[in-house]
Undergrad: 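Got a structure here, written out as structure tokens. Questions coming.
All chains are named by letter (A, B, ...) in the order of the sequence lines, taking the proteins before the strands, and each is independently numbered beginning at 1. Remember, predicted model here, so these are calculated numbers, not experimental data.
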Number of protein chains: 2
Amino acid sequence: MAGSAERNSAQVIRDEAAKLFFERGYDATTLRQVASAAGLKVGSLYNHIGSKEDLLQQIMGSVIDELLERVQACVAEVESKDPVDRLQAALAGHLTFHAERAQQVFIGNAELRSLPQEARENVVKKRAEYESFLAALVDEAGKAKLAEVIDSKIHVYSFVAQATHVAGWYHPGGRLSLNEIVEIYTRLALRELNVADADERAVGKALAK
Amino acid sequence: MAGSAERNSAQVIRDEAAKLFFERGYDATTLRQVASAAGLKVGSLYNHIGSKEDLLQQIMGSVIDELLERVQACVAEVESKDPVDRLQAALAGHLTFHAERAQQVFIGNAELRSLPQEARENVVKKRAEYESFLAALVDEAGKAKLAEVIDSKIHVYSFVAQATHVAGWYHPGGRLSLNEIVEIYTRLALRELNVADADERAVGKALAK
DNA sequence: GTCTATATTGCGATAGAC
DNA sequence: GTCTATCGCAATATAGAC
């Protein structure tokens with residue numbers, strides 16, 4: 001039973017800090033608030049974190065890396081060679097990740113400025129890599145004449161902007177279920193690309209792992 | 001010649017502060033930096049502002065109010081009774097405003113949390129009003145069978161998310177001109193709504209006042 | 001590991017001379 | 001209006017007892 005649902009202090013601190021950073025922002029959150037939320041006094045925090053900045057990095061950590069891995073994995077699992085199927089798999093992973101890890105994703109976007117230079121540059125680079133990956137999928141669909149691409153960068157911006165926005169308001173139990181959200185935004189995406197039978201294609205494929 | 005291009009101190013302070021708030025965020029910006037950018041010492045700032053919070057409110061001020069007015073005016077000027085024409089006019093105003101006033105819009109979104117309660121609630125209310133206005137335009141197009149509406153709230157979220165994203169990266173002299181940006185995003189919007197001849201309709205109408 | 005001090009820094013804001 | 005000097009406070013971070 002070791003390592004089960006039990007959260008150690010470091011994990012509790014990260015979770016509570018993430019909640020506060022999400023609600024109030026990194027700069028506006030004090031370590032006293034974090035400590036209090038975690039059931040500790042300020043001084044005790046430093047048995048678990050190196051600094052406030054270190055805590056932020058733990059939270060933002062490797063969100064973008066994990067997003068890229070996740071979406072690439074989704075695409076890799078697709079058997080079909082249809083570029084639109086591949087793009088859909090990417091979008092499903094993209095949207096699901098943004099909803100399921102909404103707080104982390106939101107912090108990762110909003111607090112990019114709060115990171116020290118090196119870490120920030122790493123994230124920026126990885127993000128460009130991520131956008132290139134999606135843009136390539138869009139372009140493949142375009143070359144196969146299955147999509148009418150206006151500007152692949154802007155299409156990707158659109159996907160990114162929408163998912164980021166979802167991360168700002170999604171919470172389980174809202175008006176729309178996660179599956180509905182994935183389905184709707186996938187329809188929007190395919191429509192934006194003038195994919196034939198966009199609505200039909202998008203239905204019922206919302207189950208990304 | 002009075003009141004011409006001459007910027008008074010208060011205006012300089014607002015502009016420099018907006019630049020810094022945009023780049024680093026409100027909390028991370030010190031009034032000493034603002035003063036320095038405006039060519040003053042800290043103490044002198046207080047001859048022009050009441051407090052740091054007051055300065056933020058001056059900058060965020062009435063962005064959302066002006067956005068709503070602007071977009072409503074764009075729609076009101078449309079002679080055509082075609083709901084899609086009206087929606088397009090709104091989108092052109094929406095996008096143009098977000099690009100031209102990018103810094104203010106961006107701050108208005110990112111620093112909503114930094115506002116005192118009352119001011120924040122005002123903005124939230126106005127924002128809901130704005131989104132309702134856009135949603136009504138979407139629904140009109142849907143009822144007229146000129147658009148296939150999936151979920152008008154989500155369509156509006158999509159417009160909002162995209163324009164907000166644009167406000168984060170647009171600057172004059174970039175890869176795409178403002179007119180190109182408006183045209184592209186309008187095409188995306190009309191495509192999302194399955195408007196017939198979306199691409200043709202969106203072309204060459206990008207000149208919002 | 002926890003806690004109670006406390007050191008240190010830098011912030012917003014003010015006072016008062018010019 | 002500008003400046004210099006400083007107040008008062010709250011923040012991060014540390015020291016050291018338990």
Undergrad: Rounded to the Å, how far apart are A:Asn8 CG and C:dT2 C1'?
TA: 16 Å
Undergrad: Using a heavy-atom cut-off of 4.0 Å across all strands, would you classify B:Thr30 as base, sugar-phosphate, or nothing?
TA: sugar-phosphate
Undergrad: In whole angstrom, give the distance that lies between atom CG of A:Asn47 and atom P of D:dA13.
TA: 14 Å
Undergrad: For A:Arg32 and for A:Leu45, locate the closest nucleotide of DNA chain C by heavy-atom distance; then report the residue assigned to the nucleotide nearer the 5' terminus.
TA: A:Leu45
Undergrad: What is the distance from CG of B:Asp54 to C1' of C:dA13, rounded to the nearest Å?
TA: 13 Å
Undergrad: Provide, to the nearest angstrom, the distance between the CG atom belonging to B:Leu55 and the P atom belonging to C:dG12.
TA: 11 Å
Undergrad: Can you give me the closest heavy-atom contact between B:Val149 and B:Gly142, atom names plus distance?
TA: CG2-CA, 3.7 Å
Undergrad: Under 3.5 Å, is there a donor-acceptor pair linking the side chains of A:Glu100 and A:Thr96?
TA: no
Undergrad: How many Å lie between CD on B:Glu53 and C1' on C:dC11, as a whole number?
TA: 15 Å
Undergrad: Does C:dC3 have OP1 or OP2 under 4.0 Å away from a side-chain N or O of A:Lys41?
TA: no
Undergrad: Rounded to whole Å, how long is the line connecting atom OH of B:Tyr46 with atom C1' of C:dA13?
TA: 5 Å
Undergrad: Return the orientation label for the A:Trp169 and A:Tyr185 ring planes: parallel under 30°, perpendicular over 60°, tilted otherwise.
TA: tilted
Undergrad: Kindly say if A:His48 contacts the phosphate of C:dT2, meaning a side-chain N or O under 4.0 Å from OP1 or OP2.
TA: yes
Undergrad: Write down the distance between NZ (A:Lys52) and C1' (C:dT9), rounded to a whole number of angstrom.
TA: 15 Å
Undergrad: Heavy atoms only: give me the nearest A:Gln88-A:Arg201 pair and the separation to one decimal.
TA: NE2-O, 3.1 Å
Undergrad: Can you figure out which of C:dT14, D:dT12, D:dT2 approaches the side chain of A:Leu31 most closely?
TA: D:dT12
Undergrad: Let's see if you can work this out: which of C:dT14, D:dT12, C:dC3 has an atom nearest to the side-chain heavy atoms of A:Leu40?
TA: C:dC3
Undergrad: Determine, stepwise, if the pair A:Glu16 / A:Val12 fulfils side-chain contact (heavy atoms from CB on, under 4.5 Å).
TA: CA-CA 6 Å; A:Glu16 297 299 330; A:Val12 173; 4.1 Å; yes
Undergrad: Could you tell me how far apart A:Arg24 (CZ) and D:dA11 (P) are, to the nearest whole angstrom?
TA: 11 Å
